[in-house]
Asker: 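A single structure is presented below for examination.
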Number of protein chains: 2
Amino acid sequence: MSSFETNGRSYALPANPIAVICLDGCADEYLSVAIARGKMPRLAAMARDGWRGMVRGALPSFTNVNNTSIVTGVSPRVHGICGNFFLNPDTGEEVMMNGPEFRRCGTILTAAADAGRKVAFITAKEKLRTVLGDGVVERGGIVFSSEKVDEAKLATHGIDDATAIIGKPRPEIYSGDASIYVLEAGAALAEQGKADFLYLSTTDFMQHKFAPEAPEILDFHARIDGAIGRLLDAGCTVALTADHGMNAKNDLAGNPKVIFVESLLHGKFGKALRVICPITDPYVVHHGALGSLVMVHLEDPSTRAGVADFLFSQPGITEVLTREQAVEKLELAPDRIGDLVVLSGRDVVVGKSPEHHDLSVLKGGLRSHGGRYEEMVPLVISKPLTPELQRIAEGDPRNFDVFHFACHV
Amino acid sequence: MSSFETNGRSYALPANPIAVICLDGCADEYLSVAIARGKMPRLAAMARDGWRGMVRGALPSFTNVNNTSIVTGVSPRVHGICGNFFLNPDTGEEVMMNGPEFRRCGTILTAAADAGRKVAFITAKEKLRTVLGDGVVERGGIVFSSEKVDEAKLATHGIDDATAIIGKPRPEIYSGDASIYVLEAGAALAEQGKADFLYLSTTDFMQHKFAPEAPEILDFHARIDGAIGRLLDAGCTVALTADHGMNAKNDLAGNPKVIFVESLLHGKFGKALRVICPITDPYVVHHGALGSLVMVHLEDPSTRAGVADFLFSQPGITEVLTREQAVEKLELAPDRIGDLVVLSGRDVVVGKSPEHHDLSVLKGGLRSHGGRYEEMVPLVISKPLTPELQRIAEGDPRNFDVFHFACHV
């Protein structure tokens, strides 16, 4: 077999191992600044000898949405993961999509394993392991998170004694180490010949906390670069992209610029509507559940145009789409989104109500994502593009084309 | 005097000369790739020792709109230049805004000259000289274009024998040389002490023609870097930004992806409406008057909601705003735009009708701009930011803050 298919796309089986890296929250500026300061010599060499460009992510520009797109190769309209949370239209309950049963198609990972590849999927956050790792271990692959690496077992994770193989103990999840660990674990597996088709997905704790120039994140990127070097030295084709960018969301005094959409709408239109913040996840320290996209669910559909016009007239709100428009324009699944989808500007977040968000967890201001200004992300590949890939790159390449790029360079 | 004011903003008079560069059409990828290939060592050193980040331009992401914002420090809503062309609501005529009388406020250039600075404004395109250079020569400054450098006279341009001072003959406008010349001319004036407050604005002929990896544009950027080095060596604080980005607008076969908006609307709603392509200018070889934003003018205002809905339902159209919404959301002047403002996607342009655009001038596919995906541009400064500038940088900094950055680092 020289290629495999999944979700209507065909992937070549490359001669050498591939390592696809999703650097969570890696706005392109992080790479530019780290390279400028000499902190990422291996990545700089990849950009020199291979290819570096910008690719468009999926909206909402959230972690689960884009990681799911990356491992399936398709848009949220197809795979159905349009946020971390959604309002179940049948039950009226807010549901956290923390299991694979919410995903509506298979993954490139299981397809590659079926095609004989030694697949390894390593994440920082345990939630991503459970949402996207299904079926890999059953096919002989390895799946674990750095958050719970010490719980990895052969039967459930495809690997015993993972910390011994990696040579380091479990890192703290709220740390840069949690992400470094993911890449170092991937490098260890590649070096030891235990995997040749790797998906390595980090966490954006550092990016939520630090602007590109901060010494802490420059050190972080230097260590990321060291691990990338190990992957390259182990013979991997490395393709690095991001799930979403990251922007500061504060006024000049350093206070978060928040529009509490549910409070605003309850005051104007009454309580027959709900706002869902689909960025919400258990890792609240990152962003206080504040991002640049929310869903509005209306009990009375006839109020929709009025609510939409009112919302769009608010300073800081940049786009308001109906459910039908969001399906077409944002490639979302109609039953996983609101009657209205609301996006905010580069420096603005949207939330539910003041009571719903604990801003005290945000030390040093808010950096977040979710909207249009975190849609464009970098793609860096260790090999030059073929003419066919160059044609894709000169159209509207997506971050969820990254496996296609990695398999075909 | 230690500072001067214009258009409600205050600018310090810096101790050393400043050179603000607007690199026309310089999407951030051009800099990343050129730096990665070792073609821009001086700019790389600026990013290392100073600051590099992303700033938001004005929409429409066109040349005149953004150059006007940069030299005035304010949005198009204030200065009134919302495109190269507009439909005069009083006469019903399409008017090219090729003179300063269309601008509604003064410039930083004349204010700096009034404050005693030796101002030089050098452009590639003659049109920009006439639109933005008014009042500078009268105040002892220098203003000329590389396109017509051989016509420069002391009385009208503030300089005689410009080609002798620069040491090179007039370049061809459809060339990279036209832009290199601008920066070399600025460097010559700075080296000779003839100017200490420079605005240098290039043309995007090369960016319309070449993707970031093309050898031709890598050579171009190497020469740009050489001229930047001369400005730095002459003691200038250098601040480089762009008026807009640049994206390929073709399908996989290499044909331009165009939506002819007037034809489409005439077919559906009849002929009582007109589409204006505000990117249109005399330099058609660049883009065939095809960009990612057009204006729709309706004879019957009651048709507006229907036309807007129909347009927004077209694949490739990403935003449709009413005049009032565009004033608020895009910061445009209400009497210089259409009843509707229409934006298209990263790889899509909007035009008037097939007859109106000569696609045969587009050799090697279309690269263009005008929309949301060309809104974000780089800013690179040769000195580190002060804490106050850092706070601005961590909000929503604009490309038309570039003089503020240059004057306050």
Side-chain angles (χ1 to χ4, degrees), chain A residues 27-29 31-33 35-38 43-54 56 211-213 245 247-254 257 312-313 315 317-319 321 324-325 328-329 345-348 365 367 372-373 375-376 378 380 384-385 388 390-397, chain B residues 27-29 31-33 35-38 43-54 56 211-213 245 247-254 257 312-313 315 317-319 321 324-325 328-329 345-348 365 367 372-373 375-376 378 380 384-385 388 390-397:
Chain A
D28 195 54
E29 299 94 297
L31 302 183
S32 292
V33 173
I35 289 173
R37 309 286 170 103
L43 191 77
M46 281 173 57
R48 182 189 68 217
D49 304 328
W51 190 79
R52 176 178 174 187
M54 295 300 287
R56 190 160 66 88
E213 304 76 25
N247 280 303
K249 306 281 184 180
N250 309 296
D251 60 23
L252 286 176
K257 291 175 77 169
F312 194 50
S313 75
I317 299 294
T318 49
E319 292 173 75
L321 295 98
E324 298 76 17
Q325 290 168 343
E328 296 298 331
K329 301 297 176 187
R346 185 190 187 195
D347 58 343
V348 178
R367 299 176 62 78
R372 190 69 77 175
Y373 289 93
E375 183 188 21
M376 299 302 298
V380 190
L385 302 188
E388 198 178 321
Q390 188 67 42
R391 272 194 294 277
I392 295 172
E394 291 188 12
D396 183 24
Chain B
D28 195 54
E29 299 94 296
L31 302 183
S32 293
V33 173
I35 289 173
R37 308 287 169 102
L43 192 77
M46 280 174 57
R48 183 190 68 218
D49 303 327
W51 189 79
R52 177 178 174 188
M54 296 298 287
R56 190 160 66 89
E213 304 75 28
N247 280 302
K249 306 282 184 179
N250 309 296
D251 61 23
L252 286 175
K257 291 175 77 168
F312 194 49
S313 74
I317 300 294
T318 48
E319 293 173 74
L321 295 98
E324 297 76 18
Q325 290 168 343
E328 297 298 330
K329 301 297 176 185
R346 185 188 186 196
D347 58 343
V348 178
R367 299 176 61 79
R372 190 69 77 174
Y373 289 94
E375 183 188 20
M376 299 302 297
V380 190
L385 301 189
E388 198 178 321
Q390 188 66 43
R391 273 194 293 276
I392 296 173
E394 289 188 13
D396 183 24

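Chain letters run A, B, ... following the sequence lines, proteins first, then strands; residues in each count from 1.
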Asker: So which of A:Ala393, A:Pro384, A:Ala27, A:Ser32 has the biggest tally of heavy-atom pairs under 4.5 Å with chain B?
Answerer: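 So the answer, after comparing A:Ala393, A:Pro384, A:Ala27, A:Ser32, is A:Ser32.
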Asker: Between A:Gln390, A:Glu29, A:Arg372, A:Arg37, which has the largest tally of heavy atom pairs under 4.5 Å with chain B?
Answerer: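 Most heavy-atom pairs under 4.5 Å with chain B: A:Arg37.
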Asker: With a 4.5 angstrom heavy-atom cut-off, is it the side chain or the backbone of A:Glu324 that approaches chain B, or both, or neither?
Answerer: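 No part of A:Glu324 comes within 4.5 Å of chain B.
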Asker: Measure distances from A:Tyr373 to the heavy atoms of chain B and classify the residue's part below 4.5 Å as side chain, backbone, both or neither.
Answerer: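 Just the side chain, heavy atoms under 4.5 Å.
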Asker: Nearest 0.5 angstrom please: A:Ile317 CD1 to B:Lys329 NZ, how far?
Answerer: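 Output value for this atom pair is 6.5 Å.
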Asker: Does any heavy atom of chain B fall under 4.5 Å from the side chain of A:Met376, the backbone, both, or neither of them?
Answerer: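 Interface part for A:Met376: side chain.
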Asker: Pick from B:Val348, B:Asp396, B:Asn247, B:Asn250: which one has the most heavy-atom pairs with chain A under 4.5 Å?
Answerer: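 It is B:Asp396.
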Asker: What are the two closest non-hydrogen atoms of A:Ala211 and B:Glu394, and how far apart are they?
Answerer: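 Smallest heavy-atom distance, with atoms named: CB-OE2, 3.5 Å.
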Asker: CD1 of B:Ile35 to CZ of A:Arg48: how many Å apart, nearest 0.5 Å?
Answerer: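 The CZ atom of A:Arg48 is 14.5 Å from CD1 of B:Ile35, to the nearest 0.5 Å.
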Asker: Check each atom of A:Leu43 against the heavy atoms of chain B and say whether the ones under 4.5 Å are side chain, backbone, both or neither.
Answerer: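 Contact with chain B: none, neither part.
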Asker: Identify the heavy atoms of A:Ala47 and B:Ala36 that sit nearest to each other, and give their distance.
Answerer: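 Closest approach of A:Ala47 to B:Ala36: CB-CB, 3.7 Å.
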Asker: Under 4.5 Å from any heavy atom of chain B, what part of A:Asp28 do you find: side chain, backbone, both or neither?
Answerer: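 Side chain of A:Asp28 only, per the 4.5 Å heavy-atom cut-off to chain B.
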Asker: Select one option (side chain, backbone, both, neither) describing which atoms of B:Ile392 are under 4.5 Å from chain A's heavy atoms.
Answerer: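 Contact with chain A involves both backbone and side-chain atoms of B:Ile392.
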Asker: Less than 4.5 Å to any heavy atom of chain B: does that hold for the side chain of A:Glu375, its backbone, both, or neither?
Answerer: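 Side chain only.
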Asker: Would you say that B:Met54 contacts A:Arg346 through its side chain, given a criterion of any heavy-atom pair below 4.5 Å between the two side chains?
Answerer: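 Yes; the side chains approach each other to less than 4.5 Å.
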